[in-house]
Asker: 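Quick one: the structure is below, and I'll ask about it shortly.
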Amino acid sequence: MSNLIVHGGTPLRGRIIPSANKNAVLPVLCATLLTGEPLRLHGVPDITDVRKILDIFRTLGSEVRMDHESGTLELHHRATTFDAALHRLPEEMRSSIMLVPPLLARFGVARLEDNVKGCTLGVREIDPHVEVFQRFGGQVERTEGSLLVYAPGRLTPTDHWLDYASVTTTENFVLCAAAADGTSTLTNAASEPHVQEFCRFMAMIGVRIEGMGTSRLTVHGGGTLGGGEFRFDEDFHEITTFLALGAITGGDVVVRNSAPGNFPLIDRTFAKFGVQIEHADGWSRAIRSGPLKVQTPFTSNVLTKVEAAPWPYFPVDLLPIFIALGVRAQGNAMFWNKVYDGALGWTGELSKFGAHVFSSDPHRLITFGGHALTPAVVESPYIIRVAIALFMVAASIEGKSEIRNATPIRRAHPRFVENLRSLGVQVEWTSEE
């Protein structure tokens, strides 16, 4: 594991060009297996999960040319093969489950490890994915240490209504529907910006999709899919992260943002802590005219709340970032995670800085901000944005702090430390065996 050492107390200043959203890039990479035509992708981040998927492609015989400096990836899956007796999809990536539909479409079979997982956010079932595979005519068998998914013939179209708006289940449905002969409809589909970006890629290779950005998707599948070029947008998570880093340190950070239309609710959430966001000419800036301060609601006998749930709610992945702001802001605020049952267990680490927080239950937390904080050594769980939230608090405190087990940051943010140094932070990675 790797740790982050930070000497905090320095206001961050400068400009950042963020990377693409891994939650758009990874499903798009999986979708490329649907076509045997050449593809060129621009803005592919150099992160560990991308490298793992490209390693899989090379193992399967695909042509892979990746320029990590420019972020340009060229793929050609014309010679790809898959042997369920030899090949496995890795369990350490949640996104590996999205390789199943294209493998079913091309080879009629896929095998993945029994317990695909990502960040430690509580129980993350794969039952919704299994149900999607079965509704399209796939069969799922549990073997020793793995799951075998196979389709005796071509996938058949279906209509489906999800129990909840799951991002990866929505993407798996679209992938299966693209390979099925006919029209399929999904109700209660996820609609996050990265899902919309994934759907735009699918449309680029020839899949007709109606309802992008809504909770109902209609996919017309079975056609011949082609190749082409595709450029990823900047990651709205990373944009928000650097804006929040500027705000919590009292600095001035400007971040490239070509899709400010995704930000109205995020902007209003910043405003709850006394931070105004300005969007102009493709850039975004956090403006803090005074100390961070929780704004009093019009209904003054209730707490200011940040409620996180599937889009178009406030994004649940960004909740830790705003908990960090809440810890540093004067006043009290409630944070409500309506998605994951194990995502707030890390907040006890904040007390090591001297922060006052109270866990109401597994889903709700109250911050009592405005207290003097001191540097600390803290432990991060395997959750990307939690490691960053702990770093944010440390960066706002004068003195040396250490974020232990900060490795998850590498899964989503290439050049994270290099970007921070360009903003004036004294920070470095250290490794331990």
Side-chain angles (χ1 to χ4, degrees), residues 1 21-23 26 49 92-95 97 115-128 163-170 190 192-195 235-238 240-241 244 265-266 269 272-273 303-328 333-353 355-369 378-394 403-413:
M1 299 293 287
N21 188 338
K22 84 174 184 69
N23 292 327
L26 298 179
D49 284 9
E92 66 269 15
M93 283 193 310
R94 183 76 176 172
S95 57
I97 201 166
N115 184 28
V116 291
K117 54 193 176 186
C119 290
T120 53
L121 293 165
V123 176
R124 304 183 74 181
E125 60 182 347
I126 66 168
D127 294 62
D163 291 351
Y164 58 95
S166 162
V167 167
T168 52
T169 309
T170 297
E192 278 77 358
H194 36 282
V195 177
D235 180 7
F236 71 98
H237 297 113
E238 189 167 331
T240 305
T241 295
L265 182 54
I266 295 173
T269 305
K272 291 181 179 182
F273 299 92
L303 284 172
T304 292
K305 290 185 293 185
V306 179
E307 301 181 41
W311 192 273
Y313 263 79
F314 180 82
V316 69
D317 285 348
L318 292 177
L319 198 63
I321 304 301
F322 283 81
I323 290 174
L325 287 176
V327 162
R328 294 303 272 152
M334 176 186 287
F335 299 86
W336 194 348
N337 187 324
K338 295 184 173 182
V339 178
Y340 300 120
D341 59 5
L344 296 177
W346 62 277
T347 51
E349 294 297 305
L350 292 169
S351 64
K352 296 179 180 178
F353 293 113
H356 293 200
V357 298
F358 173 73
S359 295
S360 305
D361 54 48
H363 291 273
R364 291 179 297 172
L365 173 87
I366 299 173
T367 58
F368 302 88
V378 294
E379 300 274 347
S380 174
Y382 198 77
I383 304 174
I384 295 165
R385 236 64 62 177
V386 168
I388 292 175
L390 292 170
F391 174 85
M392 282 176 55
V393 176
I403 317 302
R404 300 178 63 82
N405 306 322
T407 304
I409 293 174
R410 298 182 190 269
R411 292 187 54 222
H413 300 291

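Because the structure is a prediction, the values reported are computed rather than measured.
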Asker: Are the side chains of Val327 and Phe353 in touch, meaning some heavy atoms are under 4.5 Å apart?
Answerer: no
Asker: Grab the two heavy atoms, one from Ala165 and one from Ala190, that are nearest each other, plus how far apart they are.
Answerer: O-CB, 3.7 Å
Asker: For a side chain to side chain contact (heavy atoms under 4.5 Å, CB included) with Ile323, tell me which candidate from Leu350, Asn337, Leu318 qualifies.
Answerer: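 Of all the options given, the one that passes is Leu350.
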Asker: At what distance, to the nearest 0.5 angstrom, does CE of Met392 lie from CZ of Phe322?
Answerer: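 Spacing of CE (Met392) from CZ (Phe322) equals 8.0 Å.
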Asker: Should the heavy atoms of other residues, nucleotides or ligands under 6.0 Å from OH of Tyr164 be counted, would the total exceed 12?
Answerer: yes
Asker: How close do Val357 and Thr347 get, heavy atom to heavy atom, and via which atoms?
Answerer: CG2-O, 3.7 Å
Asker: In Å, rounded to the nearest 0.5 Å, how long is the span from CG of Leu303 to CE of Met334?
Answerer: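 Answer rounded to 0.5 Å: 5.5 Å.
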Asker: Please round to the nearest 0.5 Å and tell me the distance separating atom CZ of Phe314 and atom CH2 of Trp336.
Answerer: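 Rounded to the nearest 0.5 Å, the CZ-CH2 separation comes to 15.5 Å.
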Asker: Would you check if Ile321 and Arg385 make a side-chain contact, meaning some heavy-atom pair closer than 4.5 Å?
Answerer: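 Touching, per the 4.5 Å side-chain cut-off.
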Asker: Which atoms form the tightest heavy-atom contact between Val386 and Pro381, and what is the distance?
Answerer: CG1-CD, 3.5 Å
Asker: What are the two closest non-hydrogen atoms of Val393 and Ala324, and how far apart are they?
Answerer: CG2-CB, 3.8 Å
Asker: Mind telling me whether Phe335 and Phe273 have parallel, tilted or perpendicular rings, with 30° and 60° as the class edges?
Answerer: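 Parallel, since the angle between the ring planes stays under 30°.
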Asker: If I take atom NE2 from residue His356 and atom OG from residue Ser351, how far apart are they, to the nearest 0.5 angstrom?
Answerer: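 One finds 9.5 Å between NE2 of His356 and OG of Ser351.
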Asker: On a heavy-atom basis, which atom in Pro310 and which in Val339 lie closest, and how many Å separate them?
Answerer: CD-CG2, 3.7 Å
Asker: Working to the nearest 0.5 Å, report the span between CG of Asp317 and CG of Asp235.
Answerer: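 Result: 9.0 Å between the selected atoms.
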Asker: Ignoring hydrogens and angles, tell me if any N or O in the side chain of Glu192 forms a donor-acceptor pair with the backbone of Trp311 under 3.5 Å.
Answerer: yes
Asker: Heavy atoms, side chains only, cut-off 4.5 Å: are His237 and Ile384 in contact?
Answerer: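 Heavy-atom side-chain distance check fails, nothing below 4.5 Å.
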Asker: Would you say that more than 12 heavy atoms from the other residues, nucleotides or ligands in this model lie under 6.0 Å from the NZ of Lys305, or not?
Answerer: no
Asker: When you measure from the side chain of Glu349 to the backbone N and O of Glu379, does any donor-acceptor pair fall under 3.5 Å?
Answerer: yes
Asker: With rounding to the nearest 0.5 Å, note down the distance linking CG in Leu344 to OG in Ser360.
Answerer: 9.5 Å
Asker: Of the non-hydrogen atoms in Ser380 and Asn405, which two are nearest, and what is the gap between them?
Answerer: O-CB, 3.6 Å
